[in-house]
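First comes the structure, then the notes that go with it.
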Amino acid sequence: MKLKFELKYTDKLTASRLGTITYNGKTYETPMFMPVGTNATVKTLSPEELKEIGSGIILANTYHLWLRPGEDIVAHAGNLHKFMNYDGPILTDSGGYQVFSLAKQKDITEEGVKFKNHLNGDTLFLTPEKSIEIQQKLGSDIMMSFDECVKWPSTYEYVEKSVERTLNWAKRGKSVKKENDQLLFGIVQGGEYEDLRKHSAEEIVKMDFDGYSVGGTSVGEDKPTMYKMVEYSTKYLPIDKLRYLMGVGDPIDLIENVMRGIDIFDCVSPTRLARHGHAYTKHGKINIKNSKYKEDFTPLDETCNCYACKSYTKAYIRHLITNDETFGARLLSIHNINYLHRLMDEIRIHVKNGDMKEFRDQFIKDYYGK
RNA sequence: GGAGGAAUAGCGAAGUGGUCAAACGCGGCAGACUGUAAAUCUGUUCCUUAGGGUUCCAUAGUUCAAAUCUAUGUUCCUCCA
């Protein structure tokens, strides 16, 4: 079944938007946060738990599923939905992030990217065509173009070349796409350079993708730079298509970037931080391993409605985490993803109310205590 | 009763004359994490007023210098009776 996006409302004071995604008879509201399940699982959580906390689209990763179990096995299972038992929408990243996190600069050529398989040392070669072919076999609902996620900072000269390469790759990927229900998104790159972002966005829009991503953020840049990168990108994107900011999930960044016209976000933070013992709360991020929680028999966040907060205390979760008990990671993952989903709920209300700036300022006071 | 062996920081364990406040691991205390090579990684962990001070079972020695060598004692382990 095909995923459909409808823009419902645009804020007058900011670039914030409200919309709906319909898929498989269900409607999801945007702006939305998407949990990451790289390896065809949102680490420690079942699909039922994800639905319980209100997850909509979730992510999976082309590169990792290509290596294991292999796209053919997923295809033999039916598709990714059947393989992992998730009937909500699934978005696959193209492997573009692995160009940033795994490849060396010299491994990147016009043709594609050479990887050293971290599992057995094989040399692998991923191209834009190959990435789309794998994603088609995986059967995700939203496929991403294969791009180069450039490290920050990078020189203008390097980013300029990289943008051309990513545009080329987008075209090549699109050319092998079959006519089916899968959507394909283009990705805007261009580093922190306004004219390169503009060029990247305008050219990618000309290719007419089903939606657009802002890439190349959350690679170590400071927040003002990230926000600029987003602004330089979204202002050249068509209003009626979904806009996805890749890899961003810090609570304040969700608010700031909704205000800059983003509809959907993904980030590993809630689940990784959970496994490392951290919880988002109304009053900032806490480290449950800190000894001050040893005898704290209150919930992670008094204002939270999640399963972990309804039934368990900080002291107990601390005990689980310090003993490497998986249940602790699961409780914190439930809590953190739920926190981001509830934050998006609030954001939607404030977009509708037209008071996003006030909401942002109050959030900063509560979260950072200033 | 006899014969061997061992005692090192919170725990385990290296070190067997100077480069030793003492490797390493665990535990403890903190920190980082952004389209997940991440249930991972980093720092720190005798005391300190930051100048130093006090350590390697105890005591007495040898030596310019001892965790390291000697003597005695204490405790523990193994084997034999």
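Every chain is numbered from 1 and lettered A, B, ... according to where its sequence line falls, protein lines coming before strand lines. From a predicted model like this one, the values you see are computed outputs, not experimental measurements.
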Residues in contact with RNA chain B, drawn from residues 205-238 of chain A - heavy-atom cutoff 4.0 Å: Gly216(A), Ser218(A)
According to side chain to side chain donor-acceptor pair (under 3.5 Å), who are the partners of Glu358(A), at least two apart in sequence or on a separate chain? none
Tell me every residue that passes salt bridge (Lys or Arg N to Asp or Glu O under 4.0 Å) with Asp240(A), counting only those two or more places apart in sequence or in another chain. none
Pairing residues for Lys206(A) by the salt bridge (Lys or Arg N to Asp or Glu O under 4.0 Å) criterion, not counting sequence neighbours: Glu203(A)
Take atom NZ of Lys82(A) as the centre, draw a 6.0 Å sphere, and report whether it contains more than 12 heavy atoms from other residues, nucleotides or ligands. no
With sequence neighbours left out, what residues match Tyr158(A) under ring-ring contact (aromatic ring centres under 6.0 Å, His included)? none
If I pick the C1' atom on G51(B) and the same atom on U74(B), what distance separates them, to the nearest angstrom? 38 Å
Residues in residues 84-112 of chain A with a heavy atom under 4.0 Å of RNA chain B, by number, are Asp93(A), Tyr97(A), Gln98(A), Ser101(A), Leu102(A)
Can you tell me how far P of G35(B) sits from CE of Met144(A), to the nearest Å? 13 Å
Closest of C29(B), G35(B), U34(B) to the Arg318(A) side chain is C29(B)
With Ser16(A), which residues qualify under side chain to side chain donor-acceptor pair (under 3.5 Å), at least two apart? Thr14(A)
Which comes earlier along RNA chain B counting from the 5' end, the contact point of Thr271(A) or that of Thr322(A), where each point is its nearest nucleotide? Thr322(A)
Rounded P spacing from C79(B) to G28(B) in Å: 35 Å
Can you tell me whether the base of G5(B) sits syn or anti, using the 90° cut around 0 to define syn? anti
Pairing residues for Arg260(A) by the salt bridge (Lys or Arg N to Asp or Glu O under 4.0 Å) criterion, not counting sequence neighbours: Glu231(A), Glu256(A)
Is Leu273(A) touching bases, backbone alone, or none of the nucleic acid, heavy atoms closer than 4.0 Å? base
Pair of N/O donor and acceptor under 3.5 Å linking G35(B) base with Asn61(A) side chain: no
Euclidean distance for P, A32(B) against A13(B) (whole angstrom): 36 Å
Answer yes or no on whether Lys130(A) is positioned over the face of Phe125(A), meaning its NZ or CZ is under 6.0 Å from the six-membered ring centre and within 45° of the axis. no
Show me the pairs that pass side chain to side chain donor-acceptor pair (under 3.5 Å) and involve residues 276-289 of chain A, at least two apart or across chains. Lys282(A)-Asp366(A)
Which protein N or O atoms sit under 3.5 Å from an N or O of nucleotides 39-45 of chain B?
from: A39(B); atom 1: OP2; to: Arg275(A); atom 2: NH1; distance (Å): 2.2

Side chain of Ile187(A) - closest among G35(B), U36(B), G31(B): G35(B)
Residue pairs meeting salt bridge (charged side-chain N to carboxylate O under 4.0 Å, His left out), one or both in residues 32-44 of chain A, sequence neighbours left out, come to none
Using the P atom on both, measure A67(B) against A7(B) and round to a whole Å. 16 Å
Using the test side chain to side chain donor-acceptor pair (under 3.5 Å), find all partners of Asp210(A) that sit at least two apart in sequence or belong to another chain. none
